[in-house]
Amino acid sequence: MDPINVDFTGRGRDDGKKGVADVLIPPEHSGKKIVINIILTLVLGAVLYYFMIPAINLKSIELYLYVVFVCLIYLLLTIISSKAFVKPEYLPYVKKRSKVPGIIILALAAVALVGWLTGVTLFRAKSYSKLISVQDGDFAADVAEIDFSSVPVLDSSSANKIAERTLGDLSDKVSQFVVSPYSTQINYKNTPVRVTALAYGDIFKWIKNTKEGLPAYIIVDMTTQESQLVRLPEGMKYSPTEHFNKYLLRYLRFKYPTYLFDEPSFEIDESGAPYWIVPIVDKTIGLFGGTDIKGALIVNAVTGECHMISTSNDGTTKLPTSSFASDPEWMWIDRIFSPSILTQQYNYYGKLNNGFINSVIGQEGVKVMSSGYNYLALNDDVYMYTGVTSISSDQSIIGFVLSDLRTKETKYYQVSGALEATAQTSAEGAVQQYSYSATFPLLLNISGEPTYFMALKDSSELVKMYAMVNVKQSTIVGTGYNLTECTENYAAELKRNGVNVDIDVDEMGAKDDPTATAPETEDISGKITEIRSVVTGGETYFYLKLDAGSTFYKVPVALAEKVVILNVGDSVTVSVPKESSGDIVEVSSLK
């Protein structure tokens, strides 16, 4: 009999026989262990599904990851139960048991790869460019001369700051709850407002209060800056900040296991009842490309009752309900399409409308949205506004886009002028002595003139002033402590630069804002030691340096005409904002 050579690696053999590592040696009670491993995998897989909650849909990346994790769990249990870590002779057994999970993982990888390849923009540029339909609009006709009573003067961060202060009205439970990140700008009773849900302060406060639910929500009027805490007769039991079965997306996953969901938004109906609007996502190009919205689930935040609506009139979405657009019961809903999806779809349209090659080489007619957006209330809907710029330059806009967040109706308006960031810089520069920051602009129609409108905020996110910047000439800036003053100053600046407009502030409904007041000032006196002058944007400014320090005080001629007759050695008194600092400080008055 030939001698038996033991070789755990199977290498270096010269007798043609297998080593021990190649011999299939099952562990003791292997059949029983297989059954136990399968049962444990099912249990752990169920726990994993509960927390991952992937859609049972081949268009869901999360589903592929979930199945891979389940296969890995089975393989790990097999290795542990066979003790292959310490007994190499069981490695062939583990290898055999890993074949089926390995085949499943490879099959999923192949399906995902093919699905991704069939949806890449290189091959499907035309399909991507048709995700959104864009029509040319008439600025003067579509964007009516604005009624200031409907202009949002706050941005989301300022509104959320106000909501946080308003939470103090929930005095009996204020320590239990915080303002949640889920806030939505809507039109409520023909007024632009931002509604904000609450969240539990921490896990222990959730345990204490989850049975009663979230007791209130907050409404912030975006025009008057007034806020209101609305207490509910019965608390909200379902929200994205809940846990376990009342966590909104888990609750919906168990009811609708095959649907893909986008980020929920919080809204209220005309009676003030709270709802979560959860868009239903579809991947329309390949398996993972062409993200679009085919409908939405309307979830009563108190009872959990769900209604499904479709965004299509032609029945192509195959949702078991009538079209949302033709159902008056749900016309109060303002947001179905998220700004991120609308931005992505428009950029596909702007880049790929003339083919993929053109988007890379030549780039004729290629355009994209600018880096920010804001909301505008028109025709009882909420529109996303953003500028459009050429792909080859981001220094100016070539037009702007208005997209209806409810219907996705999108119009492009050809208006050339300053980029929004440039307008923000101009507005901040006009009041640089206060170090205010400008909100992202809204584009308004001021007597036919495309005009950027911004609120100017202090470091506490409180609105202190307003600014208007002409789109075509960003050096034309009007500011004021209230809307009336801002509009009048803007009209004066337009006329000073040869643009004649007929603005009736009363007809525009401008309201004085009691929260926007002039900052406190202090007087500084001294003798002039140096005078300089400069002309910027058609305006003449004098810079005075006093013996009281090294600061130059900026004096517009329009503010104090007598500055032109001052000389070195003259004594003056300037009024400047309290605690102002810097090399240059703009004065509010000169004596």
Side-chain angles (χ1 to χ4, degrees), residues 125 128-146 151-152 337-355 358-359 362-379 381-427 438-454 467-477 490 494 499 501:
Y128 277 98
S129 70
K130 292 181 179 179
L131 283 172
I132 192 170
S133 176
V134 181
Q135 300 176 343
D136 290 333
D138 185 320
F139 177 75
D142 294 345
V143 184
E145 290 192 31
I146 200 68
V151 174
F337 295 87
S338 67
S340 60
I341 285 181
L342 292 176
T343 299
Q344 183 186 66
Q345 290 188 354
Y346 184 85
N347 285 341
Y348 282 141
Y349 165 83
K351 291 179 180 179
L352 304 174
N353 200 34
N354 293 320
N358 180 70
S359 71
Q363 298 183 325
E364 182 180 352
V366 175
K367 53 193 178 185
V368 294
M369 287 185 174
S370 59
S371 58
Y373 58 84
N374 209 331
Y375 302 107
L376 190 62
L378 292 172
N379 306 319
D381 279 344
V382 176
Y383 285 76
M384 181 188 79
Y385 156 79
T386 185
V388 175
T389 182
S390 169
I391 192 69
S392 59
S393 174
D394 60 356
Q395 301 304 309
S396 61
I397 64 166
I398 59 175
F400 70 94
V401 166
L402 289 178
S403 293
D404 192 327
L405 296 180
R406 184 172 65 89
T407 66
K408 202 174 78 169
E409 179 186 7
T410 300
K411 289 188 176 182
Y412 170 76
Y413 301 86
Q414 186 172 348
V415 177
S416 60
L419 197 67
E420 294 97 340
T422 302
Q424 287 176 282
T425 301
S426 294
T439 60
F440 190 84
L442 282 174
L443 191 63
L444 305 183
N445 180 355
I446 304 296
S447 295
E449 281 293 316
T451 301
Y452 286 126
F453 172 78
M454 291 154 280
M468 291 182 180
V469 178
N470 190 264
V471 172
K472 299 174 184 177
Q473 302 181 59
S474 61
T475 56
I476 301 178
V477 183
Y490 176 63
L494 286 172
V499 182
V501 292

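Excluded from the calculations below are hydrogen atoms, water molecules and symmetry mates; all remaining heavy atoms, backbone and side chain alike, are included.
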message: Whether the side chain of Ser474 engages the backbone of Ala418 through a donor-acceptor N/O pair (distance < 3.5 Å, no angle test) should be reported.
response: no
Are [X] and [Y] close enough that some pair of their side-chain heavy atoms sits under 4.5 Å apart?
X	Y	result
Asn358	Asn353	no
Asn470	Tyr490	yes
Met384	Met369	yes
Leu443	Pro450	yes

query: Heavy-atom count around Lys130 NZ within 6.0 Å, excluding the residue itself: above 12?
result: no
task: Decide if atom CD of Gln414 counts as having more than 12 heavy atoms of other residues, nucleotides or ligands within a radius under 6.0 Å.
output: no
Smallest separation among heavy atoms of Ser416 and Lys472, with atom names: O-CG, 3.9 Å
- line: Val469 and Ala423 have their tightest heavy-atom pair at CG2-O, 3.8 Å
Can you tell me how far apart [atom1] ([X]) and [atom2] ([Y]) are? Round to the nearest 0.5 Å.
X	Y	atom1	atom2	answer
Met468	Met454	CE	CE	9.5 Å
Leu402	Asp381	CG	CG	11.5 Å
Tyr452	Phe440	OH	CZ	7.5 Å
Ile397	Thr389	CD1	OG1	8.5 Å
Tyr385	Tyr413	OH	OH	12.0 Å
Leu342	Asn347	CG	CG	11.0 Å

- prompt: What class does the angle between the rings of Tyr346 and Tyr349 fall in, given that below 30° is parallel, 30 to 60° is tilted and above 60° is perpendicular?
  reply: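 Taking Tyr349 first and then Tyr346, their aromatic rings sit tilted (interplane angle of 30° to 60°).
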field: Distance-only donor-acceptor check, side chains Ser370 and Thr386, under 3.5 Å
entry: yes
message: Checking Tyr412 now: which residues fulfil ring-ring contact (aromatic ring centres under 6.0 Å, His included) with it, not counting sequence neighbours?
response: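 So Tyr412 forms no ring-ring contact (aromatic ring centres under 6.0 Å, His included) with any residue.
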